[in-house]
Amino acid sequence: MKIYTKTGDNGTTALFGGTRVPKHHIRIESYGTVDELNSHLGLIRDQDIDNHYKDILIHIQDRLFTVGAILATDPEKAILKNGKERLNIPKISNRDIERLEHEMDTMNEALPPMTHFVLPGGHQTVSFCHIARCVCRRAERLATALNDMEPIDVHTIMYLNRLSDYLFVLARKLTYDLQANEIKWIPEKQ
């Protein structure tokens with residue numbers, strides 16, 4: 001299979017199902033941002049962190065491919081003529097969301113209570129988590145905007161929302177594990 005098809009040379013691309021849309025279409029922006037997020041997660045996974053976090057990140061990356069596939073599917077072509085779904089893979093479920101919640105709860109047990117916002121940084125790995133969190137929030141904003149135009153599965157949006165929370169807690173936990181300095185944001189006095 002060739003990587004280049006030349007079909008996008010005119011500024012359009014095909015959704016899953018064949019519909020052609022401009023490359024700047026919000027649906028393309030949505031799943032493109034999820035792809036960007038997935039790449040950032042790969043960067044975090046490549047760091048010297050506990051293998052448990054790496055395993056969870058691999059699972060999340062798998063789920064993000066599903067999110068991308070959902071977002072890349074033309075809703076008008078989601079059901080085939082035979083009545084079956086075009087996207088024949090397990091969708092995002094409550095179980096996926098609950099897994100993120102469980103991981104956050106477990107990490108939070110080892111952390112001091114949060115009393116202030118924290119400034120991103122303190123260690124390169126922690127910074128990678130914060131960047132991924134921000135990209136995840138952008139993916140969520142785009143997915144919710146897309147949802148206003150063409151409804152998408154609610155679990156997809158819920159997953160992105162929970163994932164950004166997870167990445168924040170992971171950043172705090174890695175700050176703790178790496179004995180990095182967590183700087184609280186305390187607004188300057190006037």
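A quick note: this is a predicted structure, and the numbers were derived from the prediction, not measured.
Of all heavy-atom pairs between R172 and P112, the closest is NH2-O, 3.2 Å. Nearest heavy-atom pair, P75 versus R27, reported as atom, atom and distance to 0.1 Å: CD-NH2, 3.4 Å. In terms of heavy-atom proximity, H130 sits nearest to A171 at NE2-CB, 3.5 Å. Taking all atoms of both residues into account, the shortest heavy-atom contact from T73 to A69 is OG1-O, 2.7 Å. Shown here for T156 and L71, the closest heavy-atom pair between the two residues is CG2-CD2, 4.5 Å. In plain terms, the two heavy atoms of C136 and S164 that are nearest each other are SG-N, 3.5 Å.
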side-chain contact (heavy atoms from CB on, under 4.5 Å) evaluation trace for Y53 with I44: CA-CA 9 Å; Y53 304 139; I44 297 167; over 6 Å; no
Could you walk me through whether K91 and E85 pass side-chain contact (heavy atoms from CB on, under 4.5 Å), step by step? CA-CA 11 Å; K91 308 300 185 297; E85 290 187 31; 2.7 Å; yes
Could you please spell out the steps behind the salt bridge (charged side-chain N to carboxylate O under 4.0 Å, His left out) verdict for E140 and R137? CA-CA 5 Å; E140 180 186 10; R137 285 289 185 209; 2.8 Å; yes
What verdict does the side-chain contact (heavy atoms from CB on, under 4.5 Å) test give for I56 and L170, after you've listed the backbone C-alpha separation in whole Å, the side-chain angles of each residue and the deciding distance to 0.1 Å? CA-CA 11 Å; I56 295 298; L170 180 62; over 6 Å; no
Given H123 and Q179, is the side chain to side chain donor-acceptor pair (under 3.5 Å) satisfied, shown in steps? CA-CA 9 Å; H123 189 282; Q179 300 178 345; over 6 Å; no
Test Y166 against E103 for side-chain contact (heavy atoms from CB on, under 4.5 Å), laying out the working first. CA-CA 8 Å; Y166 169 83; E103 289 298 320; 3.7 Å; yes
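Atom-to-atom distance recorded for T175:OG1 and K173:NZ is 10.5 Å, nearest 0.5 angstrom. The distance from the CG atom of L37 to the SG atom of C134 is 11.0 Å, given to the nearest 0.5 Å. Taking CG of N161 as the start and CD1 of I97 as the end, the distance is 9.0 Å to the nearest 0.5 Å. Separating the OG atom in S30 from the CD1 atom in I70 is a distance of 12.5 Å, to the nearest 0.5 Å.
The closest side-chain heavy-atom distance from R138 to E36 is below 4.5 Å. At least one side-chain heavy atom of R162 sits less than 4.5 Å from a side-chain heavy atom of E101. At least one side-chain heavy atom of L41 sits less than 4.5 Å from a side-chain heavy atom of L167. P90 places none of its side-chain heavy atoms less than 4.5 Å from the side chain of T66. Between M114 and F168 there is a side-chain heavy-atom pair separated by less than 4.5 Å. Inter-residue side-chain proximity for V67 and Y31 is flagged as unmet; no heavy-atom pair is nearer than 4.5 Å. With contacts defined as side-chain heavy-atom distances shorter than 4.5 Å, the pair T115/K184 qualifies. Side chains of L178 and T125 form a contact here, defined as non-hydrogen atoms less than 4.5 Å apart.
Hydrophobic clustering (side-chain heavy atoms under 4.5 Å, transitive across Ile, Leu, Val, Met, Phe, Trp, Tyr) groups I89 together with I152. Under the 4.5 Å side-chain heavy-atom criterion for Ile, Leu, Val, Met, Phe, Trp and Tyr, F16 and V21 are members of the same hydrophobic cluster. Linking Ile, Leu, Val, Met, Phe, Trp and Tyr residues whenever their side-chain heavy atoms come within less than 4.5 Å places L146 and V154 in a single cluster.
The hydrophobic cluster around I79 extends to none of the other residues, as no ILVMFWY side-chain heavy atom falls under 4.5 Å of it. Hydrophobic clustering, defined by side-chain heavy atoms of Ile, Leu, Val, Met, Phe, Trp and Tyr closer than 4.5 Å, groups L119 together with F117, I183, W185.
N38 places no side-chain N or O within donor-acceptor distance of the main-chain N or O of L64, the cut-off being under 3.5 Å. The closest donor-acceptor contact from the side chain of R133 to the backbone of D165 lies at 3.5 Å or more, if one exists at all. A distance-only check finds no donor-acceptor pair linking the side chain of T19 to the backbone of L15 [under 3.5 Å].
In the displayed structure, N94 atom CG is contacted under 6.0 Å by more than 12 heavy atoms of other residues, nucleotides or ligands.
Residue pairs satisfying the salt bridge (Lys or Arg N to Asp or Glu O under 4.0 Å) criterion with at least one member in residues 44-67, sequence neighbours excluded, are listed as follows: R63-D96.
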